[in-house]
2 protein chains.
Amino acid sequence: MATKNKKMKMMTLDQMKDKDIGKVGTPERDKYEFDLRMEVLGDMIKSVRKERKLTQEQLGELIGVQKSQISKLERNTKNVTIETILKVFRALKANVRFSVEMNESEFKVA
Amino acid sequence: MATKNKKMKMMTLDQMKDKDIGKVGTPERDKYEFDLRMEVLGDMIKSVRKERKLTQEQLGELIGVQKSQISKLERNTKNVTIETILKVFRALKANVRFSVEMNESEFKVA
DNA sequence: CCAAAAGTTTCTATATAATTCAACTTTTTT
DNA sequence: AAAAAAGTTGAATTATATAGAAACTTTTGG
């Protein structure tokens, strides 16, 4: 099994921001792109919230939920509904976009 | 209120495929990008399923659910979990990706 | 036009996501 | 090093997404 604790995940995200995305201020810096995997979703929320300089409590107020709920969304993220994702990122003034990519070759009808 | 029935939504999608995305066979044709909005999610599933020439029943078999469930995902899409989205598109051999975009200017801390 | 196939709907059950509250732990500030 | 602020956790509750079955409607092909 690969190293998989929370610290490690956060590190990876932070490294990404600095190394892959570019310096703060550049337009590139303000667009993050991740694969949609539930394991990182929580980190995405946390990362954007931090960028916005908000506490969990403040973000909670924007949405109308308790800070404990935000905490759970940021950590326990096993499965979440789209509505929740949208609600959170809307409050963070972040656009969420969703792409579906299909390559002909990959599909063989049985 | 804008015209908002199902027929219209499907039309829009189909038009998109032909006009905006390009001819079948080109690599561009096989990548769709949407804002993450729940209203279109069902249409996305339907659209990709059709592309794969599958019936709801066949798609259901791939995933392990009844055709009625697929129907619901395609129409009633009010809210869905990420897991479900991934499950469906994985069965359709489509890559799903998810990006978060934030522009500095849009956010004013109150 | 009829039959078969495909898709939809309703009813119902079950699992689990969303949420709160309060106590607790960790981090930050002074 | 205390106090305050921020974040986490667990238990309990509520809301709702997932799902199947069966009856129904619409579409398609002969």
Side-chain angles (χ1 to χ4, degrees), chain A residues 5-11 13-14 36-92 96 98 109-110, chain B residues 5-11 13-14 36-92 96 98 109-110:
Chain A
N5 59 2
K6 284 94 194 183
K7 283 253 158 55
M8 197 52 209
K9 279 196 289 184
M10 246 351 256
M11 292 278 297
L13 258 181
D14 286 348
L36 176 52
R37 280 183 297 122
M38 290 176 293
E39 313 102 55
V40 289
L41 225 170
D43 292 334
M44 293 166 63
I45 296 171
K46 182 171 186 171
S47 172
V48 178
R49 173 175 63 80
K50 283 278 170 72
E51 204 97 6
R52 294 317 197 185
K53 302 248 186 284
L54 294 174
T55 66
Q56 293 184 341
E57 193 158 33
Q58 291 171 315
L59 176 54
E61 272 160 33
L62 289 175
I63 299 172
V65 300
Q66 229 56 26
K67 64 180 181 170
S68 59
Q69 179 58 9
I70 303 297
S71 176
K72 279 167 195 163
L73 293 174
E74 288 184 356
R75 356 196 72 239
N76 290 0
T77 311
K78 21 166 196 287
N79 200 8
V80 188
T81 63
I82 294 201
E83 195 168 78
T84 299
I85 296 174
L86 292 178
K87 199 163 50 171
V88 170
F89 287 108
R90 202 181 303 125
L92 290 167
V96 174
F98 182 50
V109 188
Chain B
N5 59 359
K6 285 92 196 183
K7 284 252 160 48
M8 196 52 207
K9 280 194 290 181
M10 247 352 257
M11 293 276 298
L13 256 183
D14 286 349
L36 179 51
R37 279 185 297 121
M38 291 177 291
E39 311 102 58
V40 289
L41 226 167
D43 292 333
M44 294 166 62
I45 295 171
K46 183 171 186 170
S47 172
V48 177
R49 173 174 64 80
K50 283 279 169 70
E51 204 100 2
R52 294 317 198 186
K53 302 247 186 285
L54 294 173
T55 66
Q56 293 183 341
E57 193 158 33
Q58 292 172 313
L59 176 54
E61 274 159 32
L62 288 176
I63 299 173
V65 300
Q66 230 55 28
K67 64 180 182 172
S68 61
Q69 181 58 11
I70 303 296
S71 176
K72 281 169 202 165
L73 293 174
E74 287 184 358
R75 351 197 73 241
N76 266 20
T77 311
K78 20 165 197 289
N79 201 7
V80 188
T81 63
I82 293 200
E83 195 168 77
T84 299
I85 297 174
L86 293 178
K87 196 162 53 172
V88 170
F89 286 108
R90 201 182 304 125
L92 290 167
V96 173
F98 180 50
V109 188

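Each chain gets a letter, A, B and so on, in the order its sequence line appears, and its residues count up from 1. Remember, predicted model here, so these are calculated numbers, not experimental data.
Here C:dT27 presents its P atom at 15 Å from NZ of A:Lys67, a figure rounded to the nearest Å. Look at CG on A:Leu59: it is 13 Å from C1' on D:dG7, rounded to the nearest Å. Counting to the nearest Å, the P atom of D:dT18 and the CD1 atom of B:Ile70 are 11 Å from each other. Following rounding to the nearest Å, B:Lys46 (NZ) and C:dG7 (P) show an atom-to-atom distance of 8 Å. The distance from atom CD of A:Gln56 to atom P of C:dT25 is 17 Å, rounded to the nearest whole Å. Going from atom CD of A:Glu57 over to atom C1' of C:dT27 covers 15 Å, rounded to whole Å. Protein atom CG of A:Leu73 is 19 Å distant from nucleotide atom P of D:dA6, rounded to whole Å. In this structure, CD1 of B:Ile45 is placed 15 Å from C1' of C:dG7, rounded to the nearest angstrom.
At D:dA6, none of the side-chain N or O atoms of A:Arg49 fall inside 4.0 Å of OP1 or OP2 (strictly under the cut-off). Between B:Lys87 and D:dA19 there is a side-chain polar atom (N or O) within less than 4.0 angstrom of OP1 or OP2. Side-chain nitrogen and oxygen atoms of B:Arg75 include none within less than 4.0 Å of the OP1 or OP2 phosphate oxygen of C:dG7.
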Give the table of side-chain donor-acceptor pairs shorter than 3.5 Å for residues 79-89 of chain A, with sequence neighbours excluded, one pair per line with atom names and distance.
from: A:Asn79; atom 1: OD1; to: B:Glu83; atom 2: N; distance (Å): 3.1
from: A:Thr81; atom 1: OG1; to: A:Thr84; atom 2: N; distance (Å): 3.4
from: A:Thr81; atom 1: OG1; to: A:Thr84; atom 2: OG1; distance (Å): 3.1
from: A:Thr81; atom 1: OG1; to: B:Asn79; atom 2: ND2; distance (Å): 3.4

Could you give the side-chain donor-acceptor pairs of residues 60-68 of chain B under 3.5 Å, partners two or more places apart or in another chain?
none

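Place A:Gln69 and B:Ile63 on DNA chain D by their nearest nucleotides, and A:Gln69 ends up nearer the 5' end.
Taking the C1' atoms of five terminal pairs at each end of the helix from C:dC1-D:dG30 to C:dT30-D:dA1, the two resulting helix axes are inclined by 60°, rounded to 10°.
Residues satisfying the side chain to side chain contact (heavy atoms under 4.5 Å, CB included) test with A:Glu74, not counting sequence neighbours, are A:Ile45, A:Lys46, A:Arg49, A:Gln56, A:Ile70. In this view, A:Gln69 satisfies the side chain to side chain donor-acceptor pair (under 3.5 Å) rule with no residue, not counting sequence neighbours.
A:Ser71 comes within contact range of at least one nucleobase, with a heavy-atom separation under 4.0 Å. Within the 4.0 angstrom heavy-atom criterion, only backbone atoms of the sugar-phosphate kind lie near A:Gly64; the bases stay farther away.
Listed candidates were D:dG7, C:dG7, C:dT20. Nearest to the side chain of A:Gln66 is C:dT20.
We find the CG-CD distance between A:Leu92 and A:Glu51 to be 10.5 Å, quoted to the nearest 0.5 Å. For the atom pair CZ (A:Arg75) and NZ (A:Lys72), the distance works out to 12.0 Å, reported to the nearest 0.5 Å.
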Inset, instruction - Determine, for nucleotides 10-17 of chain C in 5'-to-3' order, which nucleotides have protein heavy atoms under 4.0 Å from the base (write B), from only the sugar-phosphate (write S), or from neither (write -). - result: BB-----S
